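Every value quoted in this text rests on a predicted model; they were computed, and no experiment measured them. Indexing begins at 1, ligand by ligand and atom by atom, following the structure's order. Index from 1, following the sequence.
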Amino acid sequence: MITLSVIVPLFNERQSIPELLSELSLALHDRELQELVTHPFSHEIIMVDDGSTDGSADVVKSLTATTPGLKLISFQKNFGKTAALSAGFRAAEGEFVCTIDADLQDDPASIKPLLRKLLEGDDLVSGWKRHRRDPLSKIIPSKLFNTVTRLFTGLRIHDINCGLKVYRSSLSASLELHGDMHRYIPVLAAWRGFKVSEVAVSHRPRKFGTTKYGAGRFLSGLFDFLAVLFITRYFRRPIHFFGMAGLISFLAGFGISLYVTLDKIINSHYISNRPILFLGILLLILGVQLFSTGLLGEMLSISAPTESRFAIKETENLTNQQKQNINS
Ligand code: UDP
Ligand code: MG
């Protein structure tokens with residue numbers, strides 16, 4: 001059994017890899033870190049090459065012979081950090097899982113305090129880049145992102161999207177990630193009842209290469225934010241969201257239509273030239289559409305994988321077959 005799986009998503013980080021690996025090796029051979037767990041410590045380093053075009057994969061391959069536990073997953077093309085992390089989470093065999101950026105901005109020496117906090121009983125410990133070493137154009141939007149997310153989700157941590165995180169594998173293996181949702185992992189984990197906390201970590205300026213995220217990340221971040229908000233509030237009951245909106249719209253449309261109809265019958269007023277007539281019709285149709293969307297959502301959520309419906313903390317006296325049945 002492997003104790004710790006380190007997952008490194010990388011996209012065109014050729015220059016950083018050798019230094020990262022030697023720093024990682026040093027950090028993982030730290031006696032204090034190894035003694036945090038009671039059984040003999042062992043590790044694997046899973047590098048996920050997210051379609052690099054600069055030969056990063058070859059650099060990793062050339063280092064596998066000299067680096068114990070080094071493994072490589074290479075994507076056909078660039079699928080994004082979320083996909084890279086997902087692949088790593090699925091491949092990981094460790095009891096604990098650590099993710100770290102490949103660009104040397106996260107310090108491998110910080111893994112130890114994170115793991116120590118995790119072993120106090122948490123399921124996910126996220127790094128907090130308290131003194132962030134990035135350009136202001138990155139720090140300010142990130143502060144905004146963190147504040148808004150904290151406000152809307154009630155999750156009380158400062159730095160939701162830190163690349164350096166430590167998980168219990170029961171959590172990491174059950175995460176269903178798509179889009180650019182790696183930014184919201186702590187939100188999704190807390191929503192499913194896992195214990196999430198944070199520890200301040202050191203952060204360094206980028207040494208080689210450039211950031212992979214331009215201004216486009218704001219837009220995709222916004223959409224993923226809306227998706228995460230919706231998932232965490234209404235995922236299990238889409239009809240509650242769409243049904244209510246649909247009902248309000250339908251009733252308003254019905255009221256308006258009734259009013260104009262009575263107006264015609266009783267007062268013999270022309271109604272075909274009244275804007276409110278069209279509003280009434282619009283709201284009626286919209287109401288029905290929203291309602292049907294809710295029903296479709298319900299059908300989809302019925303067929304959703306069990307992991308997204310509930311998370312199990314522990315079981316007692318269940319056979320392996322029974323455990324498998326729960327999750328299948
Ligand atoms: N990354 C990746 N796929 C991508 C973009 C980024 O695997 O499509 C990796 C990248 O190589 C790095 C980490 O994700 O290891 C964080 O990216 P970056 O340092 O560019 O983000 P920043 O620190 O600027 O937010
Ligand atoms: Mg970086």
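- Contacts with ligand 1 closer than 4.0 Å are made by heavy atoms of both the backbone and the side chain of Lys212.
- Among all protein heavy atoms, the one lying closest to atom 14 (O) of ligand 1 is Lys81 CD, 3.3 Å.
- Classification of the Tyr167-Phe89 ring pair by plane angle, with boundaries at 30° and 60°, yields perpendicular.
- Considering backbone and side-chain N/O of Asp134, none are found under 3.5 Å from N/O of ligand 1.
- Scanning both residues, Ala91 and Glu44, for their nearest heavy atoms gives O-OE2, 4.5 Å.
- For a distance bound of 2.8 Å, the N, O or S atoms of Asp103 include one lying that close to the Mg ion (ligand 2).
- With hydrogens left out, the protein atom closest to atom 12 (C) of ligand 1 is Glu13 OE2, 3.5 Å, a heavy atom.
- Of all the heavy atoms in Ile157 and Pro186, the pair that sits closest is CD1-CB, 4.0 Å.
- In this structure, the protein non-hydrogen atom closest to atom 19 (O) of ligand 1 is Asp103 OD2, 2.5 Å.
- A salt bridge does not link Lys81 to Asp50: none of the charged side-chain nitrogens sits closer than 4.0 Å to a carboxylate oxygen.
- Residue nearest to atom 15 (O) of ligand 1, selected from Ala102, Ala83, Ser56: Ala102 (by heavy-atom distance).
- Of the candidates Trp191, Phe145, Phe152, Phe230, Tyr184 forms a ring pair (Phe, Tyr, Trp, His ring centres under 6.0 Å) with just one, namely Phe145.
- Closest to atom 7 (O) of ligand 1, if we only count protein heavy atoms, is Leu10 N, 3.5 Å.
- Salt bridge absent: Asp103 and Lys207 never bring a charged side-chain N and a carboxylate O closer than 4.0 Å.
- Counting only heavy atoms of the protein, atom 21 (O) of ligand 1 lies nearest to Tyr213 CD1, 3.5 Å.
- Against a heavy-atom cut-off of under 4.0 Å, Arg206 is close to the following atoms of ligand 1: 18 (P), 19 (O), 20 (O).
- At least one side-chain heavy atom of Leu24 sits under 4.5 Å from a side-chain heavy atom of Ile111.
- Considering backbone and side-chain N/O of Asn78, one or more are found under 3.5 Å from N/O of ligand 1.
- Short contacts between ligand 1 and Pro9, defined as distances under 4.0 Å to a heavy atom of the residue, involve ligand atoms 7 (O), 9 (C), 11 (O), 12 (C), 15 (O).
- Using 4.0 Å as the threshold, Gly80 has a heavy atom nearer than that to some atom of ligand 1.
- Leu4 is listed as a side-chain neighbour of Leu28, based on a closest heavy-atom distance under 4.5 Å.
- If you number the atoms of ligand 1 from 1 as listed, the ones under 4.0 Å from a heavy atom of Asp101 come out as 13 (C), 15 (O), 16 (C).
- Among the atoms of Gln105, some N or O lies under 3.5 angstrom from an N or O of ligand 1.
- The part of Asp50 lying near ligand 1 is the side chain, judged by heavy-atom distances below 4.0 Å.
- Electrostatic pairing of Arg274 and Asp263 counts as a salt bridge here, judged by a charged N lying under 4.0 Å from a carboxylate O.
- Within 6.0 Å of the CZ atom in Arg237, the count of heavy atoms belonging to other residues, nucleotides or ligands exceeds 12.
- Remark: minimum distance from atom 25 (O) of ligand 1 to any protein heavy atom is reached at Lys138 NZ, 3.1 Å.
- Between Phe11 and ligand 1, a contact under 3.5 Å exists for at least one N or O pair.
- One of the N, O or S atoms belonging to Gln105 lies under 2.8 Å away from the Mg ion (ligand 2).
- The environment of Phe223 atom CZ is sparse: at most 12 non-hydrogen atoms of other residues, nucleotides or ligands sit within 6.0 angstrom.
- Classification of the Phe41-His43 ring pair by plane angle, with boundaries at 30° and 60°, yields tilted.
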